[in-house]
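Sequence lines set the chain letters: A, B, ... in the order given, protein chains first and strands last, and positions in each chain run from 1.
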Amino acid sequence: MELHHSKHHTAYVNNLNNALLSHATAMNAGDIAAQIALQPLIKFNGGGHINHALFWENLVPSDSPDAKTEAAPSLTDEIAKTWGSFDSFKKAYSAALLSIQGSGWGWLVKDQAGRLRIVTTKDQDPVVGGEVPIIGVDMWEHAYYLQYLNGKAAYVENIFHVINWKTAEKRFLGTHDDLFASLRAML
Amino acid sequence: MSSTLLRTVPALRGALRAGAVVKPAAALASTSFVRGKATLPDLSYDYGALEPHISGKIMELHHKKHHQTYVSGLNSALEAIAEAESKGDFTKAASVAPLLNFHGGGHLNHSLFWENLAPASRDGGGEPDGALKKAITEDFGSFESFTKQMNTALAGIQGSGWAWLVKDKTSGTLGLVTRANQDPVAGSLAPLLGIDAWEHAYYLQYENRKAEYFQAIWNVINWKTVASRFEKA
Ligand SMILES: [Fe+2]
Ligand SMILES: [Fe+2]
């Protein structure tokens, strides 16, 4: 957790600031080619920043009451409606996380029609299609390697013990704008 | 997929005779359409032989666990495709393509990687000579400039992937390419030298300081292997 937060997340923030600064310079100079060339860096580091900010918030120590699914009554109701049971949801989410090829993230999201979905994103691509990210799980090897080595299935199994269901409930009940407003306020 | 990496059944039997650890998979007996099985290649050096540049723990996990997963995944994908094919279910067969690409690429990439590494006390490190050196100087300016460009390419990979020194078979020109995840170098490009930029390749030793890993690995590059690939391509 320390390396992940103080080194990896910090690197995304620093690189994002640098890329945004270069972008502003290019914009002032009217250099469109340079602005376009900076897009992948902004997407990667901006995504890395947003994803990790969401991730830390949707984790909590396992002995907290917020780590119990009871902290998310409306969300767990909707999960049961969508997947039949919480267990089938957990199975589907775990399978999605484990099927990611390379680096990426697995998300429980609420789409614009209000339906729950499991989606995966590659590298640091953020969920920015209008969906509300409710829970994100980092599937980069840096997220688990020092503890679990190549045993990523154990990491996925154990992450369910430290999900912050209170945060998840709040995100589920809120809108996309609520979420990104609170992100802006935090950053 | 290179045919040398996909041993045929007789070769598998040979490997079994030679005492290699190969599971005589029940699937092989029960599914007549499986013609060959990929197997984990042996390394020509010990896991600890690349120290201090790459730790023995990393090498062991990387070879025994990660590469093995790609080998198993490739075999499963091939079996699934063969089974779908035998039933005429081409939609199903095509749907396995991403798994075939990922695990097949993982097997191929790692097989090439182990061979283009060597202990610093043996063939590892230093600089290439002869025709390869001449080509590198011509196409990159100098050897130093080549390693710098390769390290920049490695550092620029967003997520998991590989960087490769390649030879364009149509022109003979050398170039640098990166590939996401386990996408293999294919088509008109011949892979000469691959460096694994997945976090599992360095994290236990270098943590988030991947630039240090990219520096250190030059001490264990097997230029003999790279030169021989260059000549054959
Ligand atoms: Fe991360
Ligand atoms: Fe690897």
Side-chain angles (χ1 to χ4, degrees), chain A residues 1-16 18-19 37-52 95-96 98-106 120-126 138-155, chain B residues 55 57-74 76-77 95-107 109-110 152 155-162 178-184 196-213:
Chain A
M1 283 298 289
E2 184 185 343
L3 275 169
H4 201 170
H5 182 253
S6 75
K7 302 290 182 178
H8 289 277
H9 192 172
T10 302
Y12 292 121
V13 172
N14 292 341
N15 293 334
L16 172 63
N18 290 339
L38 281 163
Q39 294 305 317
L41 268 184
I42 293 174
K43 185 178 184 185
F44 181 68
N45 291 293
H49 180 29
I50 292 175
N51 292 340
H52 285 92
L98 292 174
S99 73
I100 292 171
Q101 297 183 339
S103 302
W105 291 73
T120 59
T121 50
K122 70 171 177 60
D123 303 328
Q124 294 298 356
D125 289 359
D138 190 343
M139 288 306 292
W140 281 59
E141 288 173 323
H142 67 235
Y144 59 84
Y145 211 82
L146 292 182
Q147 185 177 355
Y148 295 98
L149 302 174
N150 62 305
K152 63 179 173 178
Y155 162 70
Chain B
S55 77
K57 176 105 195 267
I58 287 180
M59 287 301 294
E60 183 174 355
L61 279 162
H62 202 169
H63 179 254
K64 240 195 235 168
K65 303 288 182 178
H66 290 277
H67 192 168
Q68 182 58 57
T69 300
Y70 296 119
V71 168
S72 308
L74 170 58
S76 306
S95 74
V96 185
L99 282 173
L100 180 66
N101 180 67
F102 183 65
H103 292 286
H107 177 42
N109 292 338
H110 285 91
T152 304
I157 292 171
Q158 298 183 335
S160 302
W162 292 75
T178 59
R179 287 288 179 271
N181 301 328
Q182 296 298 354
D183 290 352
D196 190 342
W198 280 59
E199 289 172 323
H200 66 232
Y202 62 84
Y203 211 80
L204 289 181
Q205 185 175 359
Y206 295 97
E207 298 178 339
N208 61 305
R209 304 178 310 279
K210 61 180 174 179
E212 289 177 27
Y213 159 68

**Student:** Do we see a donor-acceptor contact under 3.5 Å between the side chains of B:N101 and B:D183?
**Tutor:** yes

**Student:** Below 4.5 Å from any heavy atom of chain B, which atoms of A:H8 appear? Answer side chain, backbone, both or neither.
**Tutor:** side chain

**Student:** For A:Y12, which of A:H49, A:H4, A:H52 qualifies under ring pair (Phe, Tyr, Trp, His ring centres under 6.0 Å)?
**Tutor:**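 Among A:H49, A:H4, A:H52, the one meeting ring pair (Phe, Tyr, Trp, His ring centres under 6.0 Å) with A:Y12 is A:H52.
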
**Student:** For B:H62 and B:A201, work out which heavy atoms get closest and say how close.
**Tutor:** CE1-CB, 3.8 Å

**Student:** Between B:L61 and chain A, which part of the residue has a heavy atom less than 4.5 Å away: side chain, backbone, both or neither?
**Tutor:**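 For B:L61, side-chain heavy atoms alone lie under 4.5 Å from chain A.
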
**Student:** Name the region of B:K64, side chain, backbone, both or neither, that has any atom closer than 4.5 Å to a heavy atom of chain A.
**Tutor:** neither

**Student:** Output yes when B:K57 and B:E60 qualify as a salt bridge under the 4.0 Å nitrogen-oxygen rule, no when they do not.
**Tutor:** no

**Student:** Hey, what do you get for NE2 (B:H67) to OG (B:S72), rounding to the nearest 0.5 Å?
**Tutor:**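 Here the interatomic distance stands at 9.5 Å.
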
**Student:** Who wins among B:T69, B:L99, B:N208 for the most heavy-atom pairs under 4.5 Å with chain A?
**Tutor:**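 Top count of heavy-atom pairs under 4.5 Å with chain A: B:N208.
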
**Student:** Between B:E207 and chain A, which part of the residue has a heavy atom less than 4.5 Å away: side chain, backbone, both or neither?
**Tutor:** side chain

**Student:** Answer with side chain, backbone, both or neither: which region of B:H66 has an atom nearer than 4.5 Å to a non-hydrogen atom of chain A?
**Tutor:**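 Only the side chain of B:H66 comes within 4.5 Å of chain A.
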
